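Being a predicted model, the structure only gives us computed values, none of them experimental. The figures that follow rest on heavy atoms only: side chains count, while hydrogens, waters and symmetry mates do not.
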Amino acid sequence: MTAQSVHRIPPRDASPLTAAEEARLAWLSESVLNNRFLPAPPPENVFVGDGDYRAIGAEFLGHFVRLGGLKPSDRVLDIGCGIGRMAVPLTQYLDSDAVYEGIDPVGEGIAWCTQTITPVYPNFRFCRLDVAHPLYNPEGPLAGEDVVLPFSDGSFDFAAMVSVATHLPLGEIAAYMREVARLLAPGGRLFLTAFIVTPGDHARDGARPRFERGEAAGTWVADPEAPLGAIGFDSGLVEDAVEAMGLRIERVSLGHWRGGTDAPHYQDVIVAKSPGVPA
């Protein structure tokens, strides 16, 4: 995929949702923000991501539905679920007989989700994937490029990877794409965020992070001392990793991390679809 093929999301008035669906989604997002009975971890326990826990969750609920085509009946796989930032708003959107599976290498986050979310929403399950990561799980025995997720083929309709590819080398992203392609049912969708660096992005006023060239070809890093703290890739590299596993990219939506854009999301978004006709 070339840089010229990257396209922006349609304007807000071109939403794929009906007016009634938009109204319901807006109401649901507002209720996620204001419902004090929804679980939320103490701020000091939110070990990944900055910003307001509930606000970011509500924001991504909107992105999942508007950009990713998430349906209330979908079977959802949340790769890198962390401490439930995406899971909590999904408890309010998914049907009670839908399926949600969250996986993450950080045991503390999985423990909190299992103890706090699953007892109230038993169709939401969480498991630890003890994969190595120099920042989040340095003692993990499983190499990222050898990852095999503990689910059967075609088990999911929607796979989310939010702020995961922004912390992985390209070889590990490819390994997850292999697993996503295996696990998605025909017609299932992948929603993935990344830093896609197009020419000049790193030098734009207001770009955050301020990337510089990494050691690996095609990479950009915010901090050379911790390159996986935030890693970007030349336009086309992540897209090629997605398509190499047979997934078909339907949308690439550039985010406002690069400055000078009014995009409604910070990181770049890739939406891809599993081939075949849904059953």
Side-chain angles (χ1 to χ4, degrees), residues 40-51 53 56-57 60 77-88 101-118 125-151 159-180 182-183 190 192-197 208-234 237-238 241-242 245 257 266-268:
E44 64 271 17
N45 289 356
V46 180
F47 51 86
V48 290
D50 54 10
Y53 179 89
I56 293 175
F60 271 91
L77 172 63
D78 187 0
I79 299 173
C81 64
I83 200 161
R85 195 191 303 263
M86 305 301 148
V88 169
E101 299 279 359
I103 61 172
D104 199 270
V106 181
E108 293 86 346
I110 293 298
W112 184 88
C113 291
T114 300
Q115 295 164 8
T116 309
I117 298 175
T118 301
R125 296 183 291 267
F126 303 87
C127 70
R128 186 184 184 202
L129 182 70
D130 201 6
V131 62
H133 191 280
L135 298 180
Y136 298 117
N137 194 34
E139 303 301 323
L142 175 65
E145 293 188 0
D146 298 329
V147 65
V148 176
L149 302 183
F151 308 105
M161 291 181 63
V162 176
S163 295
V164 176
T166 54
H167 303 290
L168 295 178
L170 194 61
E172 294 187 25
I173 294 173
Y176 280 99
M177 292 304 97
R178 179 196 68 233
E179 285 298 281
V180 167
R182 177 180 69 83
L183 294 173
L190 165 69
L192 176 146
T193 72
F195 290 123
I196 299 172
V197 184
R208 185 177 69 89
R210 301 292 297 186
F211 281 124
E212 57 185 84
R213 274 293 183 186
E215 291 187 3
T219 64
W220 297 83
V221 298
D223 180 1
E225 298 300 317
L228 295 183
I231 186 168
F233 299 91
D234 282 346
L237 292 184
V238 177
V242 172
M245 299 303 164
W257 70 266
Y266 170 63
Q267 295 178 7
D268 305 314

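In terms of heavy atoms, V131 sits closest to G144 at CG2-CA, 3.6 Å. Nearest heavy atom pair, residue C113 against residue G82, reads SG-O, 4.0 Å. Across all their heavy atoms, A165 and A194 have their closest contact at CB-CB, 4.4 Å. Smallest separation of non-hydrogen atoms from A40 and W112: C-CZ2, 3.5 Å. Across every non-hydrogen atom of M177 and V242, the tightest pair is SD-CG2, 3.6 Å.
Distance check, rounded to the nearest 0.5 Å: CG of D78 to CD of E101 gives 10.5 Å. For the atom pair T166 OG1 and D268 CG, the distance stands at 10.5 Å (nearest 0.5 Å). The CG atom of D223 lies 15.0 Å from the CZ atom of R210; values are rounded to the nearest 0.5 Å. Note that CD1 of I79 and CE of M86 are 13.5 Å apart. Values are rounded to the nearest 0.5 Å. In this structure, the separation between CE on M245 and CD1 on I173 is 11.5 Å, given to the nearest 0.5 Å. Note that OG1 of T193 and CE of M161 are 8.5 Å apart. Values are rounded to the nearest 0.5 Å.
Contact check for E172 versus L228: no side-chain heavy atoms found under the 4.5 Å cut-off. The shortest distance between side-chain heavy atoms of L192 and V238 falls below 4.5 Å. The closest side-chain heavy-atom distance from L168 to E145 is not below 4.5 Å. No side-chain heavy atom of R85 sits under 4.5 Å from any side-chain heavy atom of V162. Contact check for I110 versus C81: side-chain heavy atoms found under the 4.5 Å cut-off.
Formation of a donor-acceptor pair under 3.5 Å by the R182 side chain with backbone atoms of F151 is found in this model. Looking at Y176, its side chain never comes within 3.5 Å of a backbone N or O of V147 through a donor-acceptor pair. Although no hydrogens or angles enter the test, the distance criterion places no donor-acceptor pair under 3.5 Å between the side chain of Y136 and the main chain of D104. The backbone N or O of H167 lies less than 3.5 Å from a partner atom in the side chain of H133, making a donor-acceptor pair.
For residues 209-232, the set of pairs meeting the ring pair (Phe, Tyr, Trp, His ring centres under 6.0 Å) definition, not counting sequence neighbours, comprises F195-F211, H202-W220, F211-W257.
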